[in-house]
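Only one structure is covered here, and it is reproduced in the block below.
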Amino acid sequence: CISARPSMNISSKERFVTGTGLAVIVIIAATIWWAYAEVEDANRQRLVTSEIARGLTELRLVTFEYHLYHTERARLQWAAVSDRVDRLIANARFREPEQTEILADLGEKRAAGRRLFAELTAAHGSNRAEVALDDASQRFEAQLLGQLLTYQQENFTDAVRLSNLATERIIDAQHRMMRVILAGLMLIAAIMVGASWFVRREVLAPLAKLQQATRQLAAGDWNFVLGLHRGDEIGELSKNFDAMTRSLHQSFAQSERSNQDLATLNEELKAFSYSVSHDLRGPLRSMDGFSLVLLEDYGDKLDDEGKDALARIRAASQRMG
């Protein structure tokens with residue numbers, strides 16, 4: 001007999017377990033979605049930094065072209081590429097402090113590079129590719145070009161650092177996603193084990209006791225008591241089963257007493273029937289015998305109706321005997 005304890009009914013427990021499982025799945029799904037969003041954001045950042053790096057490389061090539069030929073086409077192409085790189089830098093969105101700092105430094109160096117290129121074009125002048133520069137102008141131009149290329153190299157290095165940071169974010173986000181998936185699988189496995197334990201403890205074990213009780217009842221053990229004192233549906237079923245067993249036990253006991261009383265009554269009725277049968281045989285034989293004597297000795301004095309009455313008396317007494 002299990003001691004009574006307060007508990008929820010099985011349907012409430014089932015809703016609780018189901019709700020917990022769904023909540024865990026929602027949390028895991030939300031975490032995986034967050035990690036996936038982190039990967040996508042890091043991929044976007046890496047694509048942006050790759051575009052910036054390609055633009056800086058192209059800008060470096062155009063710078064060399066302008067230095068070699070000093071053509072208006074090269075100057076305009078440098079301006080177009082420079083504007084495109086600046087737009088990429090302005091539209092880039094980074095959340096990490098280190099990335100934001102590198103992006104700000106990149107923007108400052110880009111502004112300095114534009115000023116140096118403006119000084120370089122101003123120093124040489126427009127459409128003077130055929131005019132030779134004096135030594136001082138050449139040294140000044142070489143100095144400006146060196147500073148400009150230095151800034152461009154530093155810009156490219158910053159772009160590579162941004163790309164590496166974005167790659168690291170991708171790897172970290174992927175690792176987080178894997179950890180979340182593994183933790184989620186372990187948690188789901190734990191919930192399944194807990195649900196299995198709950199089903200065995202709260203449902204299967206009481207049902208096995210109930211099955212044993214039905215076998216005991218079928219075997220004629222009317223004194224068997226299930227005694228599952230629980231606060232759920234199985235506890236209610238156990239209480240009703242025990243009440244049914246007690247009611248059947250009382251009914252069968254009463255029926256047994258009634259059968260005993262009926263057997264006693266049958267014995268008394270049998271004795272009474274034997275006594276009545278024995279007591280009536282003598283008078284019946286007398287009735288039959290005297291009717292026969294009347295018919296034999298006084299038959300000639302009786303009319304047909306009298307003979308018929310005596311014959312009927314004899315037939316009735318014989319039939320009754």
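Values reported hereafter were calculated over all heavy atoms of this structure, with side chains retained and with hydrogens, waters and symmetry mates removed.
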Between atom [atom1] of [X] and atom [atom2] of [Y], what is the distance when rounded to the nearest 0.5 Å?
| X | Y | atom1 | atom2 | result |
| --- | --- | --- | --- | --- |
| Thr57 | Phe156 | OG1 | CZ | 4.0 Å |
| Asp308 | Ile313 | CG | CD1 | 10.0 Å |
| Glu154 | Gln152 | CD | CD | 11.0 Å |
| Thr20 | Arg15 | OG1 | CZ | 12.5 Å |
| Leu22 | Ile27 | CG | CD1 | 11.0 Å |
| Tyr151 | Leu59 | OH | CG | 15.0 Å |

Asn43 and Arg46: CA distance, side-chain angles, deciding distance, side-chain hydrogen bond (donor to acceptor under 3.5 Å, both in side chains) verdict: CA-CA 5 Å; Asn43 273 324; Arg46 186 170 62 177; 3.2 Å; yes
Looking at [X] and [Y], what are the two nearest heavy atoms and their distance?
| X | Y | value |
| --- | --- | --- |
| Ser82 | Arg114 | OG-NH1, 2.6 Å |
| Leu116 | Leu148 | CD1-N, 3.7 Å |
| Arg200 | Ser196 | NH1-OG, 2.7 Å |
| Leu56 | Arg110 | CD2-CD, 4.0 Å |
| Ile170 | Ala42 | CG1-CB, 3.2 Å |

Do [X] and [Y] have side chains that get closer than 4.5 Å, going by heavy atoms?
| X | Y | answer |
| --- | --- | --- |
| Gln77 | Tyr66 | no |
| Glu96 | Glu168 | no |
| Asn155 | Val85 | no |
| Phe272 | Glu268 | no |
| Arg84 | Glu58 | yes |
| Asn164 | Thr49 | no |
| Leu149 | Gln153 | no |

Thinking salt bridges, do [X] and [Y] make one under a 4.0 Å N-O criterion?
| X | Y | value |
| --- | --- | --- |
| Glu51 | Arg54 | yes |
| Arg169 | Asp41 | yes |
| Arg161 | Glu101 | no |

Backbone of Ala159 reached by a side-chain donor or acceptor of Ser163 within 3.5 Å: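 Here the side-chain-to-backbone pair does not exist.
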Worked verdict on Glu267 versus Lys270 for salt bridge (charged side-chain N to carboxylate O under 4.0 Å, His left out): CA-CA 5 Å; Glu267 290 295 331; Lys270 182 178 179 181; 5.3 Å; no
Neighbour count above 12 (heavy atom, 6.0 Å) for Arg44 CZ: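 Result for CZ/Arg44: enclosed.
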By side chain to side chain donor-acceptor pair (under 3.5 Å) - contacts of Ser291 (at least two apart):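 Counting only residues at least two positions away or on another chain, Ser291 forms no side chain to side chain donor-acceptor pair (under 3.5 Å).
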Could you see if [X] belongs to whatever hydrophobic cluster contains [Y]? Use Ile, Leu, Val, Met, Phe, Trp, Tyr and a side-chain cutoff under 4.5 Å.
| X | Y | answer |
| --- | --- | --- |
| Val199 | Met192 | no |
| Phe290 | Met287 | no |
| Leu162 | Val39 | no |
| Ile32 | Trp34 | no |
| Val24 | Phe198 | no |

Step by step, would you call Arg257 with Asp261 a salt bridge (charged side-chain N to carboxylate O under 4.0 Å, His left out)? CA-CA 6 Å; Arg257 289 193 299 269; Asp261 295 340; over 6 Å; no
Would Leu310 and Arg314 count as a side chain to side chain contact (heavy atoms under 4.5 Å, CB included) here? Give the steps. CA-CA 6 Å; Leu310 289 174; Arg314 289 198 65 203; 5.7 Å; no
Throw together a table of side-chain donor-acceptor distances under 3.5 angstrom for residues 172-188, partners on residues two or more places apart or in other chains.
none

Which residues share a salt bridge (Lys or Arg N to Asp or Glu O under 4.0 Å) with Arg87, sequence neighbours left out: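 Residues passing salt bridge (Lys or Arg N to Asp or Glu O under 4.0 Å) with Arg87: none at all.
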Please assess Arg139 against Gln143 for the test side-chain hydrogen bond (donor to acceptor under 3.5 Å, both in side chains), listing each intermediate value before the final yes or no. CA-CA 6 Å; Arg139 286 195 298 273; Gln143 182 180 3; over 6 Å; no
